[in-house]
Amino acid sequence: QVQLVESGGGLVQAGGSLRLSCAASGRTFSSYDMGWFRQAPGKEREFVAAISWSGLRTYYADYVKGRFTISRDNAKNTLYLQMNSLSPEDTAVYYCAADRGHMGSYDRAATYDYWGQGTQVTVSS
């Protein structure tokens with residue numbers, strides 16, 4: 001079991017940037033594959049990005065490639081999502097998630113075992 005806490009969300013104008021963080025409790029963070037998902041009102045939770053336990057492999061949804069970067073600092077038990085060139089379509093609650101097993105279907109929410117409470121990202125026009 002692990003506790004995940006997201007931070008860094010807020011209000012930003014279109015074209016701006018935000019950096020989200022996800023702090024994990026416990027001492028086993030480095031063994032988990034990690035992902036970011038987002039959910040807008042009236043829509044299902046959708047995949048944003050994922051990273052392997054070692055940080056050597058990353059995966060992105062097509063709509064964020066070239067704009068978002070997922071990274072992790074295992075020494076700090078922290079996952080990051082750098083978001084650039086934000087648009088109103090990026091407005092959503094962003095969640096971090098941990099997979100205690102080996103990453104398989106990284107773009108499916110059911111793959112992940114632990115979830116944070118989410119942080120709101122709002123991009124104005």
Side-chain angles (χ1 to χ4, degrees):
Q1 187 176 6
V2 62
Q3 294 287 111
L4 305 173
V5 180
E6 301 95 336
S7 63
L11 176 64
V12 65
Q13 291 185 328
S17 298
L18 284 173
R19 189 193 194 197
L20 305 184
S21 298
C22 174
S25 65
R27 283 76 179 173
T28 59
F29 174 77
S30 62
S31 69
Y32 295 118
D33 298 324
M34 301 292 294
W36 286 100
F37 288 74
R38 69 187 188 185
Q39 188 166 22
K43 294 186 177 181
E44 294 185 342
R45 191 166 299 187
E46 64 181 1
F47 170 74
V48 176
I51 188 168
S52 64
W53 67 269
S54 65
L56 296 177
R57 292 183 293 168
T58 58
Y59 308 90
Y60 296 94
D62 288 341
Y63 54 84
V64 305
K65 287 182 178 178
R67 298 190 299 125
F68 292 8
T69 302
I70 188 171
S71 63
R72 66 192 299 163
D73 187 338
N74 288 345
K76 296 181 178 180
N77 284 2
T78 303
L79 174 74
Y80 302 99
L81 184 69
Q82 178 67 46
M83 305 186 295
N84 299 325
S85 301
L86 286 164
S87 70
E89 289 71 32
D90 296 314
T91 295
V93 176
Y94 283 70
Y95 299 88
C96 68
D99 176 13
R100 64 188 177 188
H102 297 290
M103 185 175 291
S105 299
Y106 56 83
D107 59 343
R108 284 182 166 269
T111 295
Y112 298 85
D113 302 290
Y114 308 107
W115 294 83
Q117 84 290 346
T119 185
Q120 177 70 49
V121 172
T122 302
V123 185
S124 62
S125 301

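Just the heavy atoms: all of them, side chains too, but no hydrogens, waters or symmetry mates, feed the values below.
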Query - Main-chain N/O of R38 paired with E46 side-chain donor or acceptor, under 3.5 Å - result: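 Absent.
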**Report entry** Inter-residue atom distance L20.CG - F68.CZ, 0.5 Å rounding
**Finding:**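 Nearest 0.5 Å value for the CG-CZ distance: 8.0 Å.
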Query - Residues forming a side-chain hydrogen bond (donor to acceptor under 3.5 Å, both in side chains) with N84, sequence neighbours excluded - result: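 Scan of N84 (side-chain hydrogen bond (donor to acceptor under 3.5 Å, both in side chains), adjacent residues dropped) gives S17, Q82.
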**Report entry** With sequence neighbours excluded, residues passing side-chain hydrogen bond (donor to acceptor under 3.5 Å, both in side chains) with T122
**Finding:**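 side-chain hydrogen bond (donor to acceptor under 3.5 Å, both in side chains) list for T122, sorted by chain: Q120.
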**Report entry** Main-chain N/O of A50 paired with R57 side-chain donor or acceptor, under 3.5 Å
**Finding:**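 No; zero donor-acceptor contacts below 3.5 Å.
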Query raised in the report: Mind checking whether V5 and V121 sit in one hydrophobic cluster, side chains of I, L, V, M, F, W, Y counted as touching below 4.5 Å?
Result: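 Not linked; separate clusters.
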Query raised in the report: side-chain contact (heavy atoms from CB on, under 4.5 Å) with S30: which residues, sequence neighbours excluded?
Result: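 S30: side-chain contact (heavy atoms from CB on, under 4.5 Å) contacts with N74.
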Query raised in the report: Where is the tightest heavy-atom contact between Y60 and I70, given as atom of each residue plus distance?
Result: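 Heavy atoms of Y60 and I70 come nearest at OH-N, 2.9 Å.
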Query raised in the report: How close do W36 and L81 get, heavy atom to heavy atom, and via which atoms?
Result: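 Taking every non-hydrogen atom into account, NE1-CB, 3.5 Å.
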Report task. Determine which pairs satisfy disulfide (SG to SG under 2.5 Å) with at least one residue from residues 9-44, sequence neighbours left out, and list them in order. Result ->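 Every pair satisfying disulfide (SG to SG under 2.5 Å) with a residue in residues 9-44: C22-C96.
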Query - Any donor-acceptor N/O pair, Q117 side chain to E6 backbone, under 3.5 Å - result: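 Flag set: sc Q117 to bb E6 pair under 3.5 Å.
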Query raised in the report: Hey, any chance Y94 and Y63 share a hydrophobic cluster, counting ILVMFWY side chains that come within less than 4.5 Å of each other, even indirectly?
Result: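 In one cluster with Y94: Y63, yes.
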Query raised in the report: Taking only residues two or more places apart in sequence or in another chain, which ones pass side-chain hydrogen bond (donor to acceptor under 3.5 Å, both in side chains) with Y95?
Result: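 side-chain hydrogen bond (donor to acceptor under 3.5 Å, both in side chains) check on Y95 returns nothing, list empty.
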Requested in this report: Please name the pair of heavy atoms, one in D33 and one in R72, separated by the smallest distance, quoted to 0.1 Å.
Outcome: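 Minimum heavy-atom contact is CA-NH1, 4.2 Å.
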Report task. Specify the closest pair of heavy atoms between S71 and L79, including all atoms of both residues, with the distance to one decimal. Result ->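 The answer is O-CD1, 3.3 Å.
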Query raised in the report: Got a sec, which residues hit side-chain contact (heavy atoms from CB on, under 4.5 Å) with V12, two or more places apart in sequence or on another chain?
Result: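 Applying side-chain contact (heavy atoms from CB on, under 4.5 Å) to V12 gives L18, L86, V123.
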Query raised in the report: Can you name the salt bridge (Lys or Arg N to Asp or Glu O under 4.0 Å) partners of K43, sequence neighbours left out?
Result: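 Counting only residues at least two positions away or on another chain, K43 forms no salt bridge (Lys or Arg N to Asp or Glu O under 4.0 Å).
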Report task. Could you grab the distance from atom OH of Y106 to atom OG of S52, nearest 0.5 Å is fine? Result ->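 Here the rounded value is 12.5 Å.
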Requested in this report: Using the test salt bridge (Lys or Arg N to Asp or Glu O under 4.0 Å), find all partners of R67 that sit at least two apart in sequence or belong to another chain.
Outcome: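 Counting only residues at least two positions away or on another chain, R67 forms a salt bridge (Lys or Arg N to Asp or Glu O under 4.0 Å) with D90.
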Query raised in the report: Quick one: CE on M34 to OG1 on T78, what's the gap to the nearest 0.5 Å?
Result: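 Answer rounded to 0.5 Å: 9.5 Å.
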Requested in this report: With sequence neighbours left out, write down each residue that passes side-chain hydrogen bond (donor to acceptor under 3.5 Å, both in side chains) with E44, or none if nothing qualifies.
Outcome: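 For E44 there are no side-chain hydrogen bond (donor to acceptor under 3.5 Å, both in side chains) partners, ignoring immediate neighbours.
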Requested in this report: Under the salt bridge (Lys or Arg N to Asp or Glu O under 4.0 Å) rule, collect the residues that match up with D113, sequence neighbours excluded.
Outcome: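 D113 satisfies salt bridge (Lys or Arg N to Asp or Glu O under 4.0 Å) with R100 once adjacent residues are dropped.
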**Report entry** By ring pair (Phe, Tyr, Trp, His ring centres under 6.0 Å) - contacts of Y80 (at least two apart)
**Finding:**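 Y80 satisfies ring pair (Phe, Tyr, Trp, His ring centres under 6.0 Å) with no other residue.
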Query raised in the report: What are the two closest non-hydrogen atoms of A40 and A92, and how far apart are they?
Result: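 Heavy atoms only, the tightest pair is N-CB, 3.9 Å.
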Query - Which atom of A98 lies closest to which atom of V2, heavy atoms considered - result: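 Result for this residue pair: CB-CG1, 4.4 Å.
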Report task. Kindly write out the residues that satisfy ring pair (Phe, Tyr, Trp, His ring centres under 6.0 Å) with F37, not counting sequence neighbours, or none if the list is empty. Result ->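 Only F47, Y112, W115 meet the ring pair (Phe, Tyr, Trp, His ring centres under 6.0 Å) criterion with F37.
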